[in-house]
Amino acid sequence: MELGKTNLRVSEAGFGGIPIIRLSVDDAVKVLRHAYDNGITFYDTANMYRDSEAKIGQALAPVRDKVVIATKTIRRDADGLRENLEKSLRMLKTDYVDLYQFHQVASDAEWNKIKQEGGAWEEAQKAKAQGKIRFLGVTSHNLLMAIKLARTELFSTVQFPFNFIETEAKDELHAYARRKGMGIIAMKPFAGGVIDKAVLAFKYLRQFPNLVPIPGFDSVKSVDEIVSIYDQPNVVSDQDVESMNMYRLELGRKFCRRCEYCQPCPNGVMITAAMSYPIVASRMSPKISVQFLKVPMESTQKCTECGECLERCPYELPIPEILKKHYDLFETHRAGSG
Ligand code: SF4
Ligand code: SF4
C-alpha cells in the first residue's frame with residue numbers, strides 16, 4: 001500500500017522498533033531479517049530507542065533500497081535535530097531516512113520551539129534539500145495537538161495510538177488525514193500490551209483503509225503470528241465485536257493513554273512517563289527501563305497529592321495512587337538490577 005501521497009510503498013503492517021531493544025544484537029537481526037523475508041517492508045524506530053536503530057541498520061543495510069525506514073527526533077532545536085539525524089544515519093547505516101518524524105509533539109510550546117528561528121524545522125528543511133530526509137512526519141499522544149499538527153499541512157504522515165480500546169483518532173484525525181492524503185501510522189496496536197489477543201487487535205485495525213499499524217516484534221514467532229493474520233481475509237464477527245466491548249469495559253478507564261492532559265504538575269512530577277513504567281518495563285526489560293525512566297520515576301517522589309492532575313485527566317485515573325504503585329515496581333526492579 002502507499003503511505004499517503006508520499007509514493008512510499010509499504011507493507012500492510014510495519015515493524016515497531018521498541019521491543020528489539022531487549023534482544024541481543026544477533027536475536028534482533030534474526031527477527032528483523034525474518035520480518036523482511038516475510039514481506040514486512042516498513043520499519044519505524046527512533047533516536048531515543050537506545051540501540052534499535054543500530055540493530056535495524058545491521059539487519060537491513062544489505063536490503064536498504066527494498067525497505068522504508070522511519071525514525072524520529074525528540075530534539076526541538078536545529079543543532080539537536082542535526083546531531084540526532086547524523087546519529088540515526090550512522091546507526092541505520094544509510095545516507096537517507098525515508099520518513100523523519102518529530103517525536104511526541106505534545107503542546108503548542110513544543111511546536112513553537114520547533115518552528116521558531118533556529119528551531120528543528122529549519123534544519124529538517126535543509127536536510128531534506130540535501131537528500132538526507134525524504135519526507136517529514138509527526139507523532140503525538142495528544143489528540144488535539146495531533147489534529148492541529150495535521151492541519152498545518154506541513155507533514156506527509158501522522159502517527160498516533162490506535163487500537164480497539166484507544167479509538168479516538170478515527171474520527172477527526174484519521175478522516176482529515178485521509179482527505180488530505182497523509183499517511184496514517186497506528187502506534188500501539190495492542191494498546192501498549194493490554195490487548196493480549198493479536199488476531200482480535202488486527203481484526204479491528206484491518207477494517208480501516210490506508211492505515212499502517214506498527215506492532216513491535218521480539219521473536220520470529222511474533223512475526224509469523226501477525227503475518228499469518230494478513231494471509232486471511234478480514235472477517236469481524238458479532239462475537240469479535242462483543243469481545244472488543246468486553247476489553248473496553250474492563251480496561252477503558254484503567255490505563256493511561258499518554259495524552260498529557262494532566263500536565264504540568266506544579267511539583268515537577270513527570271506524570272506521563274511515570275504512568276507508563278510497567279508497559280516500558282515489559283517492552284524494554286526491567287533492567288533497561290530502570291535506567292531509561294530513572295528521572296521520571298524519581299520525580300514521582302515530589303508528589304504531594306495536591307490533586308491538580310486528577311481534575312485534568314479525562315479518564316479519571318487515580319494518578320497519585322498509580323504513581324506510588326509504579327514507583328514500588330521501579331524500586332523492585334532497581335534492587336534486582338543492581
Ligand atoms: S497529585 Fe501529585 S502528580 Fe498530580 S499534580 Fe499534584 S503533585 Fe503533581
Ligand atoms: S494520566 Fe490521564 S491525563 Fe495524564 S496522560 Fe494519562 S490518561 Fe492522559
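As the structure is a prediction and not an experimental result, all values here were calculated from the model.
In this structure, a donor-acceptor pair under 3.5 Å is present between the side chains of Ser52 and Thr45. Remark: the Gln104 side chain and the Thr139 side chain contain no N/O donor-acceptor pair separated by less than 3.5 Å. Between the side chains of Glu260 and Ser107, not a single donor N or O lies within less than 3.5 Å of an accepting N or O. Side-chain polar atoms of Asn245 and Glu242 form no donor-acceptor pair below 3.5 angstrom. For Tyr49 and Lys72, the side-chain atoms include at least one donor-acceptor pair closer than 3.5 Å. Side chains of Gln291 and Arg50: a donor on one and an acceptor on the other come within 3.5 Å. Side-chain contact annotation: Tyr247 with Asp196, donor-acceptor N/O pair under 3.5 Å present. Looking at Asp240 and Ser243, their side chains never bring a donor and an acceptor atom within 3.5 Å of each other. For the residue pair Asn210 and His174, no side-chain donor N or O sits within less than 3.5 Å of a side-chain acceptor on the partner. Side chains of Asp77 and Gln116: no donor on one and acceptor on the other come within 3.5 Å.
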**OP:** Apply the test side chain to side chain donor-acceptor pair (under 3.5 Å) to residues Gln263 and Thr272: give CA-CA distance (whole Å), side-chain angles for both, the deciding distance (0.1 Å), then the verdict.
**Re:** CA-CA 8 Å; Gln263 310 218 67; Thr272 315; 2.5 Å; yes
**OP:** Could you walk me through whether Thr71 and Leu92 pass side-chain contact (heavy atoms from CB on, under 4.5 Å), step by step?
**Re:** CA-CA 10 Å; Thr71 191; Leu92 290 164; 4.2 Å; yes
**OP:** Apply the test ring pair (Phe, Tyr, Trp, His ring centres under 6.0 Å) to residues His333 and Tyr277: give CA-CA distance (whole Å), side-chain angles for both, the deciding distance (0.1 Å), then the verdict.
**Re:** CA-CA 11 Å; His333 289 165; Tyr277 184 77; 5.6 Å; yes
Original post:
Step by step, would you call Phe330 with Thr300 a side-chain contact (heavy atoms from CB on, under 4.5 Å)?
Top reply: CA-CA 11 Å; Phe330 166 75; Thr300 63; over 6 Å; no
**OP:** Take Val31 and Asp218 through the side-chain contact (heavy atoms from CB on, under 4.5 Å) test and state the conclusion after the steps.
**Re:** CA-CA 7 Å; Val31 173; Asp218 64 357; over 6 Å; no
**OP:** Dump the intermediate steps for side-chain contact (heavy atoms from CB on, under 4.5 Å) on Lys180 and Glu153, then the final yes or no.
**Re:** CA-CA 8 Å; Lys180 294 290 175 181; Glu153 303 199 14; 3.1 Å; yes
**OP:** For the pair Thr73 and Asn47, evaluate side chain to side chain donor-acceptor pair (under 3.5 Å) and give the outcome as yes or no after the intermediate values.
**Re:** CA-CA 6 Å; Thr73 179; Asn47 203 269; over 6 Å; no
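A perpendicular orientation is assigned to the rings of Trp121 and Phe155, their planes being inclined by more than 60° (bins at 30° and 60°). Ring planes of Tyr230 and Phe202: perpendicular class, angle over 60° (limits at 30 and 60°).
The shortest heavy-atom contact between Val212 and Ala13 is CG1-C, 4.2 Å. Nearest heavy atom pair, residue Val158 against residue Ala177, reads CG1-CB, 4.1 Å. Summarising the geometry of Cys313 relative to Ile319, their closest heavy-atom pair is CB-CD1, 4.0 Å, with the distance given to 0.1 Å. Residues Cys262 and Ile271 come closest through the heavy atom pair SG-CG2, 3.7 Å. Between Ala106 and Asn142, the shortest heavy-atom contact is O-ND2, 3.6 Å. Listed here is the closest heavy atom pair of Phe135 and Thr6: CZ-O, 3.0 Å.
Counting heavy atoms from C-beta outward, Gln125 and Leu136 have side chains that approach closer than 4.5 Å. Side-chain contact between Met270 and Leu293 is absent, with no heavy-atom pair separated by less than 4.5 Å. Between Ile229 and Lys203, the closest side-chain pair of non-hydrogen atoms is not below 4.5 Å. Residues Pro278 and His326 meet the side-chain proximity criterion, which asks for heavy atoms closer than 4.5 Å. Between Val280 and Phe292, some side-chain heavy-atom pair lies under the 4.5 Å cut-off. A heavy-atom distance below 4.5 Å is not found between the side chains of Lys87 and Glu83. A 4.5 Å side-chain heavy-atom check between Ile195 and Tyr204 finds every atom pair outside the cut-off. Side-chain contact between Lys66 and Thr41 is absent, with no heavy atoms from C-beta onward closer than 4.5 Å.
Rounding to the nearest 0.5 Å places CZ of Arg90 at 7.5 Å from CD of Glu86. Taking CG from Leu317 and CE from Met275, the interatomic distance works out to 5.0 Å, rounded to the nearest 0.5 Å. With rounding to the nearest 0.5 Å, the separation of CD in Glu53 from CG in Leu89 is 8.5 Å. Taking CG from Asn267 and CD from Glu308, the interatomic distance works out to 8.5 Å, rounded to the nearest 0.5 Å. Atoms CG and CZ, from Asn234 and Arg206 in turn, are 4.5 Å apart once rounded to the nearest 0.5 Å. Here CZ of Arg22 is found 6.5 Å from OG of Ser282. Values are rounded to the nearest 0.5 Å.
The closest donor-acceptor contact from the side chain of Glu122 to the backbone of Gly118 lies under 3.5 Å. The closest donor-acceptor contact from the side chain of Arg312 to the backbone of Pro264 lies under 3.5 Å. In this structure, Tyr327 contributes its side chain and Ser299 its backbone to no donor-acceptor pair below 3.5 Å.
Exactly one residue among Arg258, Arg248, Lys188 makes a side-chain hydrogen bond (donor to acceptor under 3.5 Å, both in side chains) with Glu166. That residue is Arg258.
Ring centroids of Phe208 and Phe162 are separated by less than 6.0 Å, placing the two rings close together. Checked against the 6.0 Å centroid criterion, the rings of Phe217 and Phe15 qualify as a close aromatic pair.
The environment of CD in Gln130 is crowded: more than 12 heavy-atom neighbours from other residues, nucleotides or ligands sit within 6.0 Å. The local environment of NZ in Lys287 is sparse, with at most 12 non-hydrogen atoms from other residues, nucleotides or ligands closer than 6.0 Å. No more than 12 heavy atoms of other residues, nucleotides or ligands shown are found within 6.0 angstrom of CD on Glu172.
Using a 4.0 Å cut-off between charged nitrogen and carboxylate oxygen, Glu305 and Lys324 count as a salt-bridge pair. A salt bridge is defined here as a Lys NZ or Arg NE, NH1 or NH2 lying under 4.0 Å from an Asp or Glu carboxylate O, and Glu298 with Lys294 meets this definition. Electrostatic pairing of Lys113 and Glu110 does not count as a salt bridge here, judged by no charged N lying under 4.0 Å from a carboxylate O. Under 4.0 Å is where a charged nitrogen must lie from a carboxylate oxygen, and between Arg64 and Asp98 at least one such pair does. Between Arg82 and Asp79 a salt bridge is recorded (basic side-chain N to carboxylate O distance below 4.0 Å).
Hydrophobic clustering (ILVMFWY, side-chain heavy atoms < 4.5 Å, transitive): Phe190 and Ile18 are in distinct clusters. A continuous path of Ile, Leu, Val, Met, Phe, Trp and Tyr side chains, each step under 4.5 Å between heavy atoms, connects Leu154 with Leu85, placing both in one hydrophobic cluster.
Cation-pi geometry between Arg257 and Tyr315 is met: the NZ or CZ atom falls under 6.0 Å from the ring centre, inside 45° of the normal.
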